[in-house]
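In what follows, every heavy atom counts, from backbone to side chain, and hydrogens, waters and symmetry copies are set aside.
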Amino acid sequence: MEGGEEELTAHETALYDRQIRVWGVDAQKRLSKAHVLVSGLTGATVEFCKNIVLAGVGSLTLMDDRLVTEEVLGANFLISLDEYANSNKTVAELCSQSLRDFNPMVGVSVLSGELSQMDGEIFDKFDVVVVCSFSLQNKILINERCRERQKRIAFYTIDCKDSCGEIFVDLQNYTYMQKKGDETVERQLSYPSLEEANKIPWKDLPRKVTKLYFAMRVLDKFELLEGRKPGETSLADFESISIVRKDACEAQGLKESHLADSLLERLLAAGKMEHPAVCAILGGILGQEVIKAISGKGDPVKNFFYFDAADGKGIIEDISVHTTVTA
């Protein structure tokens, strides 16, 4: 993402002094000119929005036309009970009001409609697109629309299910600076699209790939077959999902026991509920990754990140080149 030649104002320099000391003036200048779109406001994405606004992103556009419900309030700290009781505004409108208070120097706006149904030109306005609680089909569709544009648009998905979470990253052909001892060297990474990553046969993946990856794909498949929206599954669906798991494992040349009942049950137990602590971790990680992508500094995730509160581990899975790193 290209930064302009304009200097930071004295106000910006004073406000962002601490982080400028961490990642430098050039990185802060790039951040202040970046435009981010977030579609789907959940506990995980509002945590991300808070972090990126405090960091001083140029602008943030929110999409979520839902009216506020008690379910929405579960992990969304940007909306108060008073606002829920006394407002007819959408989730995006209420969240935008709170985010403007976090940092008045960041332009926070609201865009209505369904992102998956919008013309590709809408994406030209943004440098980063983040989606949450979308079906796999719509994630793939939006990812491809980002890839079709002339400029490179960083694409992310983020989802929190019970005490587990998943982040997918597509930076396309990405160049960044990496520190090697006392030197800084240029590195290049080539990312697969979400569709390409999902087409890689399971039997070709390393044996130690986290079971969360397979569990998420089984849930994707079930939602597709049943026409369910993300989060519209529960323990009552376990038997049907077990059949999908069996078929998927057989088709991929794996034993059904590769994916334990206990993990699927945990992912199904909470329905649409999110754990605020897990949301904070996922939103924090995503915020760091977006700042890396914008600034071109620091090793980015390639291309999946998983967190499981059961063991407290964060795991990076590179599905395209078959390497695994434990954080």
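Each of M177 and V290 belongs to its own hydrophobic cluster when Ile, Leu, Val, Met, Phe, Trp and Tyr are linked at side-chain heavy-atom distances under 4.5 angstrom. Under a hydrophobic clustering in which Ile, Leu, Val, Met, Phe, Trp and Tyr are joined whenever their side-chain heavy atoms come within less than 4.5 Å, directly or via other members, I200 and V209 fall into the same cluster. L235 and I243 fall into different hydrophobic clusters, where Ile, Leu, Val, Met, Phe, Trp and Tyr residues are linked whenever their side-chain heavy atoms come under 4.5 Å apart, directly or through other members. Under a hydrophobic-cluster definition in which Ile, Leu, Val, Met, Phe, Trp and Tyr are linked whenever side-chain heavy atoms come within less than 4.5 Å, directly or via other members, F222 and L224 are assigned to different clusters.
Here the side chains of L194 and L136 are in contact, with some heavy-atom distance below 4.5 Å. In this structure, the side chains of L62 and V108 come closer than 4.5 Å at one or more pairs of heavy atoms. Counting heavy atoms from C-beta on, the side chains of T61 and V110 never come closer than 4.5 Å. Considering only heavy atoms from C-beta on, I20 comes within 4.5 Å of L8 through its side chain. In this structure the side chain of E256 never reaches within 4.5 angstrom of the side chain of E250, judged on heavy atoms. At a threshold of 4.5 Å between non-hydrogen side-chain atoms, the residues L282 and F307 count as touching. Considering only heavy atoms from C-beta on, M63 comes within 4.5 Å of M118 through its side chain. For the pair I122/L111, a side-chain contact is recorded, criterion being any heavy-atom separation below 4.5 Å from C-beta on.
Within the 3.5 Å criterion, the main-chain N or O of L267 finds no donor-acceptor partner in the side chain of D162. Formation of a donor-acceptor pair under 3.5 Å by the N103 side chain with backbone atoms of V53 is found in this model. With hydrogens and angles disregarded, no donor-acceptor distance shorter than 3.5 Å links the side chain of R30 to the backbone of A293. Listed for the E274 side chain is no donor-acceptor partner under 3.5 Å among the backbone atoms of A75. The closest donor-acceptor contact from the side chain of N51 to the backbone of G287 lies at 3.5 Å or more, if one exists at all. With D65 contributing its side chain and G113 its backbone, the two residues share a donor-acceptor pair below 3.5 Å. Under a 3.5 Å cut-off, the side chain of Q172 and the backbone N or O of I153 do form a donor-acceptor pair. Distance alone, capped at 3.5 Å, places no donor-acceptor pair between the T210 side chain and the Y213 backbone. E12 places a side-chain N or O within donor-acceptor distance of the main-chain N or O of T9, the cut-off being under 3.5 Å. A donor-acceptor pair is defined here as one N or O able to donate and one able to accept, closer than 3.5 Å; no such pair exists between the side chain of S295 and the backbone of A27.
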message = C49 vs F102, test: side-chain contact (heavy atoms from CB on, under 4.5 Å). Steps then yes/no.
response = CA-CA 10 Å; C49 290; F102 277 106; over 6 Å; no
ask   = side-chain contact (heavy atoms from CB on, under 4.5 Å) between D64 and T42: does it pass, once the steps are laid out?
value = CA-CA 10 Å; D64 196 322; T42 64; 6.0 Å; no
inquiry  = Walk me through whether F134 and L141 qualify under side-chain contact (heavy atoms from CB on, under 4.5 Å).
reply    = CA-CA 10 Å; F134 277 59; L141 175 64; over 6 Å; no
inquiry  = Is there a side-chain contact (heavy atoms from CB on, under 4.5 Å) between R147 and S193? Walk through the geometry before answering.
reply    = CA-CA 8 Å; R147 282 179 157 253; S193 68; 3.5 Å; yes
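Between atom NZ of residue K161 and atom OG of residue S163 there is a gap of 12.5 Å, rounded to the nearest 0.5 Å. Distance check: N303 CG to I167 CD1 gives 12.0 Å after rounding to the nearest 0.5 Å. Note that the CD1 atom of I52 and the CG atom of L31 stand 5.5 Å from one another [nearest 0.5 Å]. With rounding to the nearest 0.5 angstrom, the CE atom of M216 is 10.5 Å from the CG atom of L264. The distance from atom CD of E148 to atom CD of E144, rounded to the nearest 0.5 Å, is 6.5 Å. Here E226 contributes atom CD and I241 contributes atom CD1; the two are 9.0 Å apart, rounded to the nearest 0.5 Å.
The existence of a salt bridge linking K50 and E47 is confirmed by a sub-4.0 Å separation between a basic side-chain nitrogen and an acidic carboxylate oxygen. Taking the charged nitrogens against the carboxylate oxygens, R245 and D261 do have a contact shorter than 4.0 Å, which makes a salt bridge. Electrostatic pairing of E289 and K292 counts as a salt bridge here, judged by a charged N lying under 4.0 Å from a carboxylate O. A salt bridge does not link K221 with D247: none of the charged nitrogens is closer than 4.0 Å to a carboxylate oxygen. A salt bridge is absent between K139 and D220: the closest approach of a Lys/Arg side-chain nitrogen to an acidic carboxylate oxygen does not fall below 4.0 angstrom.
Shown here are the salt bridge (Lys or Arg N to Asp or Glu O under 4.0 Å) partners of E93, two or more places apart in sequence or in another chain: there are none. Residues satisfying the ring pair (Phe, Tyr, Trp, His ring centres under 6.0 Å) test with Y176, not counting sequence neighbours, are Y174.
Heavy-atom neighbours of K89 NZ from other residues, nucleotides or ligands within 6.0 Å: at or below the threshold of 12. The environment of CG in D101 is crowded: more than 12 heavy-atom neighbours from other residues, nucleotides or ligands sit within 6.0 Å. Crowding of K246 atom NZ: a count of heavy atoms from other residues, nucleotides or ligands under 6.0 Å not exceeding 12.
Contact record, C164 with R266: SG-NH1, 3.6 Å, taken as the closest heavy-atom pair. Taking each heavy atom of K151 and K125 in turn, the nearest pair found is NZ-C, 4.2 Å. When all heavy atoms are compared, the tightest approach of F168 to P192 is CZ-O, 3.8 Å. Pairing each heavy atom of W23 with each of A55, the nearest pair is CH2-CB, 4.4 Å. Among all heavy-atom pairs drawn from I158 and G283, the shortest one is CD1-N, 4.3 Å. Between P300 and L171, the shortest heavy-atom contact is CB-CD1, 4.0 Å.
The closest side-chain donor-acceptor pair between N173 and Q188, if any, does not fall under 3.5 angstrom.
Tested against R149 for a salt bridge (Lys or Arg N to Asp or Glu O under 4.0 Å), the candidates D127, D124, D119 yield a single pass: D124.
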